[in-house]
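Note that the structure is predicted; figures quoted are calculated from it, not measured. Excluded from the calculations below are hydrogen atoms, water molecules and symmetry mates; all remaining heavy atoms, backbone and side chain alike, are included.
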Amino acid sequence: MRKVFWLLIGTLALFSAALGAEPRSGGTLVVALGTDIPIFDCVYCHGIPNLGIIHLVTQGLTRINPTGGEPKVLPVLATSWEQSPDDPRVWIFHLRQGVKFHDGTPFNAEAVKFNIERMLDPETGALARGAFRMIEAVEVVDDYTVKIITKEPFAALPAQLAYSPMCINSPAQVRKLGNKEYHKAPVGTGPFKFVHHIRGQEVRLEANEEYWGGRPYLDAIVVKPIPEVASRLMALEAGEVHVAYHVPPRDAKRYMDNPGLGIDVLTPPQQRRMFIGLNVQWGPFRDPRVRQALNYAVDKEAIVESIFLGLTRPMDSPMPPTALCYTPAKYYEYNPDKARELLKEAGYPNGFEVTLHYGPGRYLMDTEVVEAVQFYLEQVGIKVKVVALEWAAYGAMMRKPLEENKLQMFFIGWGLPTLDPELGIGLFSKAAWSPGLNCMFYTNPEVEELIKAQRAATTLEERCAIVKRIQELIMEDAPFIALYYEPQIHAKRREVKDFVISVTERIDEVLIRDTWIEKGE
Amino acid sequence: MAIVLLAIFTASFAPLIAPYDPLKANLREMLQPPSLRHPLGTDELGRDILSRIIYGSRISLTLGVVSVGIGLMGGLPLGAVGAYYGGAADLIIMRFIDILLAFPAILLAIVVVSILGPGLYNAMIAVGVAQLPIYARLIRSVVLSIKEKDFVEAARALGAGDSWILFRHIVPNAMAPIIVQATLNIASAILSAAALGFLGLGAQPPTPEWGTMLSKGRVYLRVAPHVTTFPGLAILLTVLGFNLLGDGLRDALDPRMVRTRR
Amino acid sequence: MGRYILYRLFLTLFVLIGITVLVFSMIRLVPGDPAELLADQWATKEQIEFLRRTWGLDKPLLVQYIVFMKNLLQGNLGESIASNMPVAYEIRMRFPNTLKLAAAGMVIAVVIGGLAGIISATKPYSLFDNLAMVFALIGVSTPAFWLGLMLILLFSVKLNWLPCTGADTLRHLILPSLTLGLLAAGIIARQTRSSMLETLQQDYITTARAKGLREITVIYLHALRNALIPVVTIVGLQFGRLLGGTVLVETVFSWPGMGRLMVDSIFTRDYPVIQGAVLVFAAAFSLVNLGVDLLYGFIDPRIRYA
């Protein structure tokens, strides 16, 4: 009996030693992105994973909860915030104290004001200036308190400030180098300091010894652009990189099935809605019954299971499941008979011909999905001509106003980097018609009213009740064929521990401090 | 020769030979390895690869031949006329060719595809135009060296006209390298289409074009290598056939070729 | 000779001006502009127009072209829309990489392809000839990305001998240049063989042989020289093309060369970079061509420069 006891204790001890390996300092983490970081300055850079790297140096005020859970918005350089009870247009942000930029200058309310104003200043020419146009003024209350006033009540402000192009840069450095040159030597408050950025080749960052959250375990991070997915994966397998972004489902499965390869698959929650937009002002798509029929005609579950190997789920709301106030509003099950019936009712017993545009290479497995949809629609008598366009040309087609817009059906993915309904459903309003992104030209008077109403809501319950109704209305109107939420699939080598890619497709700018590399392989 | 005939035969009778509909997707049978049901396996949408290759022979052969045709029709006369007459004609033609040559093929392809709209035929134009300068320059260099030769001098001495000399004496004598080049380029046209597919600008889905099948299948290189292997083999065999054909044609066309071999 | 070179350089200038007009108008004719592309989900019409103004794209085409040419004459290629860096700087960062890759690839191709072609031609229809020609065929019918991926799979993943990404050391150069070289070797081998074969049928070769010259002298001194013209044309063309970067190989090996720069810039409609890159490519290409033409005269003295 005693022997068994000791054996048990011994086994347990071994177990816990294996499980609870202590983090160690040192090592360089090599990350492979699918894209090239064009410029190391938040206001001029595009591409969320790219911006995520920049955030390791120049952090934001807030960030989105990396798990996509509640609360949706977490602190970074702002520790807490509240909406003024007297005036819903006024927000107070309390800032982290005792933080220094890498150049030694202090982080304070003045710096926040400087950066928001830099974003809004037309002279700067910021790419995402439009995303912050709701801000009217920024006022310094004291060193660590800042007041942000919006033009209209704007419930989503803390989430909006977590949007990647908003970074807090050292005002002294920006002034010293000027807007245009600042990207050559950016200075922030992050866990890593900028070393160099050779476009097309690599970004190198080194640990910030004085990081406010404590020195990170890693000594350095190197980021390489490897656009070709097959090469990216082979670099991962050969051990040349530790982390590879955007892994096709089949290869993810190969890694899962062969633990001996020493590669872990990361599947952060989804936030991108993948659907076929229907121009509701075009021919047969004017009739909601036709649009619903198309939704019934496509076997979403088969697509999710066979193309994505079950790594995601079909779309049942105009918002992703990680969004604030998400409700599973309506799911169109696969029912080709019902689809044919609805088509007959609408006066298209023999179907019709339609053109579907898309820009291949942009989204995971896009051509496979488009071909599958084409096949399913063919089954209910709808002949789909697929036209693949180079992305920029496709984008230009989408940006055309209604009178000139030639899109009938188009495959697109809408990300929701703020996880907030403001953008989540805001794109389904007339205000977002092209050249905005709503090139379905969808509008519904009731939805328009409700979108305004949720903005002014003062409690979360009130806001979510309104947003739930909006989701139901949009699903019923079906300005799209709701397909699935794009799975985020990345991979890392097993010796990399405690590494997190956030729901927003960014390496989390706070949790990266705890990432470490186990040596001795 | 037999291979080319086989390819042409396959292309002509595709509907009779192919065991399945090349476009019929079956998501429940994706990426299956070769089996009795599907001799060459299935692709990423569960379509029968054998049937797709058989139908694809039509598309890829047309693509290869038409784009080489476009290149030849443009390039041959320009190069030959330029080299023969020399002077201002040569100057202007060759500058035009230089501009075309110095213009990156990829940019040209994107421009053609973006302006004319994407699709197989426009891809052919893009590939063909990109090949045009190759023929022009090649024939120019050959004509330059031939036109000084004795038999040309002799023809001229006999009072033959320029165009007679050019197209009766010089061009046939310059055909050998051109034919070698053209047969090779049928292959490279098919490969260019694969490159366009690599960049997402090739044939439109669900067209079973070989090059696009090959480049799309690379994603499955590690999990289902047959998806790229078989279209690759089809291209390889066809190319081989066209090359042997080219060699044969060269022997037949070249009047000076002494048939001492074998 | 010197006058001829000057004259050719003068012509090249015209070609380059033609190129600027062509590139400038073509990239603006193609649908999509950087403002539409880089504007995000919140962007309104105002924001898109604002970005266009920021980059000077709201002005009439002719005005934009004049501004471009004026800057060009002062040696200024403009600034990249994506990176804010001078276009000249972007090109300076990439061109040496491309040159390295192209040169290494061509050396491999000429050595392997040229030798195989000559030996094949001297012993036509022998075992070596047949084998070499089969390999040449495989070379010309293999897509670059496929060969590149296979080499990575073998040498980086399975054997772990060579790195598969980046361009820091000589070791990084091996796989991409091998990919380029092996593919180009096929074309060169075939061209060498066929023009050698043809040359060997010529009367003066028979004469040389009849004179009792040693076979090796006949082949290397008499035949090769005359067979070189089409080969040099092909090599020149290939090399010139490679200077524009080889998009596929650069993509597969994440090689930071001109090809990637050009394609990335085309896809993001970074007009100044496209213009600059095409212009530099055209200039380099024209120089290579001039070199090829001069070589003709060197190889075949019967060609004179008028």
ask   = Roughly how far, to the nearest 0.5 Å, is OH of A/Y44 from CG of C/L38?
value =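 With rounding to 0.5 Å, CG (C/L38) is 13.0 Å from OH (A/Y44).
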
query = Which value, rounded to the nearest 0.5 Å, describes the distance between C/N84 atom CG and A/H183 atom NE2?
reply =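 With rounding to 0.5 Å, CG (C/N84) is 5.0 Å from NE2 (A/H183).
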
Largest heavy-atom contact set with chain C, pairs under 4.5 Å, which of [options]:
options: A/G426, A/G415, A/A32, A/P417; value: A/G415
options: A/E228, A/M234, A/M397; value: A/M234
options: A/A393, A/P165, A/G395; value: A/A393
options: A/H46, A/Q201, A/E237; value: A/Q201
options: A/P401, A/A238, A/G47; value: A/A238

Heavy-atom pairs under 4.5 Å with chain A are the metric here; pick the option from [options] that has the most.
options: C/E79, C/M93, C/K158, C/R94; answer: C/R94
options: C/P34, C/A35, C/A39, C/S80; answer: C/A39
options: C/L153, C/D270, C/V30; answer: C/L153

Neighbour count >12 (heavy atoms, 6.0 Å) for atom [atom1], [X]:
X: A/E404; atom1: CD; result: yes
X: A/Y363; atom1: OH; result: yes
X: A/K151; atom1: NZ; result: yes
X: C/K45; atom1: NZ; result: no

Side chains of [X] and [Y], heavy atoms from C-beta outward: is any pair under 4.5 Å?
X: C/P163; Y: A/E240; result: yes
X: C/S254; Y: A/P225; result: no
X: C/L51; Y: A/L127; result: yes
X: C/M85; Y: A/K184; result: yes
X: C/I152; Y: A/S231; result: yes

Contact summary for [X] and [Y], nearest pair of heavy atoms:
X: A/A131; Y: C/D40; result: CB-OD2, 3.9 Å
X: A/P38; Y: C/S83; result: O-CB, 3.3 Å
X: C/A82; Y: A/I39; result: O-CG2, 3.3 Å

key: Salt bridge A/E390-C/R269, side-chain N to carboxylate O under 4.0 Å   =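 Yes, this pair counts.
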
Report which part of [X] has an atom under 4.5 Å of a heavy atom belonging to chain A: side chain, backbone, both, or neither.
X: C/W55; result: side chain
X: C/R53; result: neither
X: C/L159; result: neither
X: C/L149; result: both
X: C/E46; result: neither

At a 4.5 Å cut-off on heavy atoms, which part of [X] comes close to chain C: side chain, backbone, both, or neither?
X: A/D36; answer: side chain
X: A/A126; answer: backbone
X: A/L427; answer: side chain
X: A/Q160; answer: side chain
X: A/K180; answer: both
X: A/P122; answer: both
X: A/R232; answer: neither
X: A/T124; answer: neither

query = Do the ring centers of A/Y163 and C/W42 come within less than 6.0 Å of each other?
reply =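 Centroid distance A/Y163-C/W42: below 6.0 Å, so yes.
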
query = After noting the C-alpha distance and the side-chain angles of C/L261 and A/R199, does the key distance pass the side chain to side chain contact (heavy atoms under 4.5 Å, CB included) rule?
reply = CA-CA 9 Å; C/L261 180 68; A/R199 199 178 160 207; 4.2 Å; yes

